[in-house]
Amino acid sequence: LAAFSGGSTGSGTLKGVGKGLGVEDDKGPNRYLREHFSYIRDKILRNLRYPSMARSMGWEGRVLLSFIITLDGTIKEAQIVQGSGFEILDKNAVDTVKETAPFPKPPAEARLVIPITYRLN
């Protein structure tokens with residue numbers, strides 16, 4: 001489990017905790033996630049923007065995302081595991097992950113689960 005926090009975006013802060021899930025051997029997705037998780041997390045956070053409508057309405061929340069990085073580094077099956085309670089925050093998190101790809105190419109498909117917290121300062 002790796003903790004991270006994003007920089008300020010407008011008047012909000014984006015942060016969360018994430019972990020990668022893979023098979024049990026040390027050669028496939030687990031090794032890939034150990035070696036690349038921080039880079040992937042940081043790349044997503046750099047591209048994440050607090051939606052202006054959510055900021056102006058004072059909406060905050062936590063989105064738990066699950067997605068698979070395919071063999072060519074693209075994303076498939078990006079889905080909300082647990083929503084924030086605000087569709088605009090949930091959609092923003094999924095869209096950001098999709099737009100941030102491609103990621104480093106894994107030796108086998110790798111599933112990541114990353115929570116993103118939208119919190120106003």
Side-chain angles (χ1 to χ4, degrees):
L1 205 58
F4 64 93
S5 62
S8 291
T9 305
S11 63
T13 300
L14 307 167
K15 64 181 179 178
V17 179
K19 63 181 177 178
L21 304 173
V23 296
E24 283 137 17
D25 70 46
D26 199 34
K27 298 174 185 159
N30 278 345
R31 180 176 178 186
Y32 168 82
L33 293 171
R34 237 187 0 266
E35 293 174 356
H36 297 286
F37 180 79
S38 293
Y39 171 80
I40 293 166
R41 174 200 63 213
D42 293 346
K43 187 175 180 185
I44 292 168
L45 286 176
R46 278 192 308 273
N47 288 290
L48 197 61
R49 300 291 177 257
Y50 211 113
S52 58
M53 178 185 213
R55 189 179 324 121
S56 66
M57 298 296 289
W59 295 340
E60 298 180 332
R62 180 177 176 267
V63 182
L64 184 60
L65 293 176
S66 171
F67 58 93
I68 294 173
I69 300 178
T70 64
L71 296 177
D72 65 359
T74 60
I75 296 298
K76 77 174 187 181
E77 296 181 24
Q79 59 189 3
I80 307 278
V81 176
Q82 181 179 13
S84 65
F86 299 101
E87 185 177 349
I88 193 168
L89 297 179
D90 297 349
K91 183 176 180 340
N92 179 261
V94 170
D95 290 347
T96 299
V97 168
K98 288 179 179 178
E99 292 165 5
T100 301
F103 296 107
K105 297 175 183 176
E109 289 188 342
R111 178 174 299 276
L112 278 80
V113 177
I114 299 179
I116 298 173
T117 300
Y118 292 86
R119 183 169 296 131
L120 295 168
N121 295 333

Tabulate below the donor-acceptor pairs under 3.5 Å that side-chain atoms of residues 79-87 make, not counting sequence neighbours, or state none.
unit_1: S84; atom_1: OG; unit_2: F86; atom_2: N; d: 3.0
unit_1: S84; atom_1: OG; unit_2: F86; atom_2: O; d: 3.1
unit_1: S84; atom_1: OG; unit_2: D90; atom_2: OD1; d: 2.8

Would L120 and W59 show up in the same hydrophobic cluster when neighbours are defined by side-chain heavy atoms closer than 4.5 Å? yes
Connected via hydrophobic side-chain network under 4.5 Å: I75 and I40: yes
Shortest non-hydrogen pair, P104 vs I69, comes out as O-CG2, 4.0 Å
Inter-residue atom distance T100.OG1 - R41.CZ, 0.5 Å rounding: 14.0 Å
Ignoring hydrogens, what is the shortest heavy-atom contact between Y118 and A93? Give both atom names and the distance. OH-N, 3.3 Å
Using the rule that two of Ile, Leu, Val, Met, Phe, Trp, Tyr join whenever any of their side-chain heavy atoms come within less than 4.5 Å, decide whether I68 and V113 are in one cluster. no
Atom pair OG (S52) and CD1 (I88), whose distance is rounded to the nearest 0.5 Å: 7.0 Å
For K43 against P102, the heavy-atom pair lying closest together: NZ-O, 2.6 Å
Run the side chain to side chain contact (heavy atoms under 4.5 Å, CB included) test on L48 and L45 for me, step by step, so that the C-alpha distance in whole Å, both residues' side-chain angles and the decisive distance to 0.1 Å come before the verdict. CA-CA 5 Å; L48 197 61; L45 286 176; 4.1 Å; yes
Quick note, side-chain hydrogen bond (donor to acceptor under 3.5 Å, both in side chains) partners involving residues 63-72, not counting sequence neighbours, are S66-R111, T70-D72, T70-T74, D72-T74
Check ring pair (Phe, Tyr, Trp, His ring centres under 6.0 Å) between F103 and all other residues, then give those that pass, not counting sequence neighbours. none
Please lay out, stage by stage, how E60 and Y50 fare under the test side chain to side chain contact (heavy atoms under 4.5 Å, CB included). CA-CA 10 Å; E60 298 180 332; Y50 211 113; 3.7 Å; yes
Looking only at heavy atoms, which two atoms of T117 and R119 are closest? And how far apart? CG2-NH2, 3.6 Å
Between T96 and I44, the two heavy atoms sitting closest are CG2-O, 3.8 Å
Same cluster for I116 and Y39 if Ile/Leu/Val/Met/Phe/Trp/Tyr side chains link at under 4.5 Å? yes
Which pair of non-hydrogen atoms, one from G73 and one from P106, has the smallest distance, and what is that distance? N-CD, 4.4 Å
Value for CG (N47) from NZ (K98), rounded to nearest 0.5 Å, stands at 15.5 Å
Linking I/L/V/M/F/W/Y whenever their side-chain heavy atoms sit closer than 4.5 Å, directly or via other members, would F67 and V94 fall into one cluster? yes
